[in-house]
Amino acid sequence: MRRPLRERGVAPAAGTIAVNSGLEFVLTFAVLFAVTTITRWVMGPSPIAHAVPGIHLRLLLVGACVGPLLTGLILSRPGKVSGAHTNPAITLAMWRLGVFPGAAVLPYIAAQLAGSALGVLAARAVWGPVVGRPSVAYAVLRPGPGWSDAELFAAEAVSMGVVVALVGMFLRKPRLVPFVPWLVGLLVGTAIACLGNVTGGSVNPARQFGPAIVSGHLDFLWVYLLAPMAGAVIAAAVLTRVGDHRDERTAVDRDPEIE
């Protein structure tokens with residue numbers, strides 16, 4: 001979640017975009033393989049599921065596993081090179097914040113979605129048919145009973161907006177930038193634990209894409225794909241506007257010729 005592909009404002013070469021997009025594929029593959037694996041053992045038939053009663057404790061355990069995983073991937077060598085977005089909404093937000101080149105947005109998103117689907121398929125190959133059972137269902141997410149498309153859209157957009165707003169604020173302060181990987185892990189882990197049985201706690205289009213495509217559970221998929229992106233773009237636009245306004249005020253305060 002750093003500032004990849006940006007050197008003195010010069011657009012990156014096609015080869016650099018290709019390499020970094022490939023790293024995003026690998027990282028997102030790892031995320032979805034891990035998420036499906038964690039779901040298989042925590043939610044599916046297993047000693048862990050038997051020992052941890054109740055959906056809330058299980059979601060807390062899933063969040064406690066996924067959060068540090070994301071932090072580790074961001075801090076890994078491939079993560080430092082590509083930025084370890086592993087999330088199309090984050091890629092859009094970084095572009096809107098001006099710290100990511102527009103030419104790399106579509107390649108990154110394509111790589112993330114492909115990595116998502118293949119990560120789920122790899123988990124199915126490793127763990128077998130149990131991954132497709134209803135209790136696991138390829139780790140596909142579903143909102144709680146009674147949620148409409150509009151309500152889910154608003155909830156996912158706001159959740160992603162909060163994540164982008166906090167990450168953006170950290171990125172704007174050099175002393176806080178080293179803590180961004182830990183912030184991301186904390187926010188995503190918290191979203192899973194708190195929202196998992198309410199909205200699904202996706203806040204990542206790639207998180208739902210692979211499980212939904214592989215399982216065939218496509219209801220609400222468009223919401224899980226578009227809502228986080230909408231929330232990310234809106235939050236980034238607000239951050240940019242606020243930042244520009246502050247820069248203008250700072251320039252006025254420092255320039256004695258401006259009255």
Side-chain angles (χ1 to χ4, degrees), residues 1 24 27-40 42-43 55-56 58-67 69-71 73 84-93 108-109 112-117 119-120 123 136-167 183-235:
M1 196 89 38
E24 280 293 302
L27 292 166
T28 311
F29 176 99
V31 170
L32 267 296
F33 178 85
V35 165
T36 307
T37 297
I38 293 167
T39 304
R40 180 263 175 270
V42 175
M43 299 296 185
I55 186 65
H56 296 288
R58 292 179 184 179
L59 287 171
L60 181 62
L61 180 56
V62 172
C65 292
V66 174
L69 167 69
L70 291 177
T71 297
L73 290 177
H85 296 180
T86 68
N87 183 337
I90 290 294
T91 297
L92 279 178
Y108 259 50
I109 291 177
Q112 291 156 359
L113 296 180
S116 171
V120 175
V136 182
Y138 297 97
V140 71
L141 298 174
R142 298 184 184 87
W147 281 78
S148 67
D149 287 8
E151 291 168 338
L152 180 61
F153 193 101
E156 279 286 301
V158 170
S159 299
M160 189 71 245
V162 170
V163 172
V164 169
L166 290 172
V167 170
L183 174 67
V184 171
L186 176 62
L187 292 175
V188 173
T190 301
I192 293 170
C194 296
L195 301 176
N197 68 327
V198 182
T199 66
S202 174
V203 295
N204 181 351
R207 164 62 183 87
Q208 178 72 342
F209 180 77
I213 293 299
V214 175
S215 69
H217 293 293
L218 304 179
D219 48 321
F220 293 107
L221 176 58
W222 74 271
V223 178
Y224 284 115
L225 291 179
L226 298 183
M229 293 190 183
V233 169
I234 292 171

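Because the structure is predicted, anything quoted here is derived from the model rather than measured.
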Closest contact, heavy atoms only, L59 versus N197: CD1-N, 3.4 Å
Is any side-chain heavy atom of I90 closer than 4.5 Å to a side-chain heavy atom of M160? yes
Which atom names give the shortest non-hydrogen contact between A139 and T39, and what distance separates them? CB-OG1, 3.7 Å
Taking the side chain as C-beta and beyond, is there a heavy-atom pair between Q208 and L225 under 4.5 Å? no
R58: which residues meet the side chain to side chain donor-acceptor pair (under 3.5 Å) condition with it, sequence neighbours left out? none
Ignoring hydrogens and angles, write down the donor-acceptor pairs under 3.5 Å from the side chains of residues 144-158, residues two or more places apart or on other chains.
residue	atom	partner	partner atom	Å
W147	NE1	V198	O	3.3
S148	OG	E151	N	3.1
S148	OG	E151	OE1	3.4
D149	OD2	W222	NE1	3.3
E151	OE1	S148	N	3.0
E156	OE1	V203	N	3.0
E156	OE2	S202	N	3.4

Shortest non-hydrogen contact between A34 and L69, atoms and distance: CB-CD2, 3.4 Å
Does any part of the side chain of P228, heavy atoms only, come nearer than 4.5 Å to the side chain of N204, both counted from C-beta? no
CZ/R142 to NE2/H217 distance, rounded to the nearest 0.5 angstrom? 4.5 Å
Shortest non-hydrogen pair, L141 vs Y224, comes out as O-CE1, 4.0 Å
In sequence, state the C-alpha distance, the side-chain angles, and the governing distance for M43 and I55, and then conclude on side-chain contact (heavy atoms from CB on, under 4.5 Å). CA-CA 8 Å; M43 299 296 185; I55 186 65; 3.7 Å; yes
Value rounded to 0.5 Å, distance of CG in N87 from CG in L27: 12.5 Å
Apply side-chain contact (heavy atoms from CB on, under 4.5 Å) to the pair L218 and I213, showing each step before the final yes or no. CA-CA 7 Å; L218 304 179; I213 293 299; 4.1 Å; yes
For a quick test of reading the model, state the closest non-hydrogen atom pair linking S116 to T28 and the distance between them. N-CG2, 3.9 Å
How long is the straight-line distance from CG of L226 back to CE of M229, given to the nearest 0.5 Å? 7.0 Å
When rounded to the nearest 0.5 Å, the distance separating CG of L60 from CD1 of I192 is 10.5 Å
Separation between OG1 (T86) and OH (Y108), nearest 0.5 Å, reads 11.0 Å
What one should report as the nearest heavy-atom pair of L195 and S159 is CD1-OG, 3.6 Å
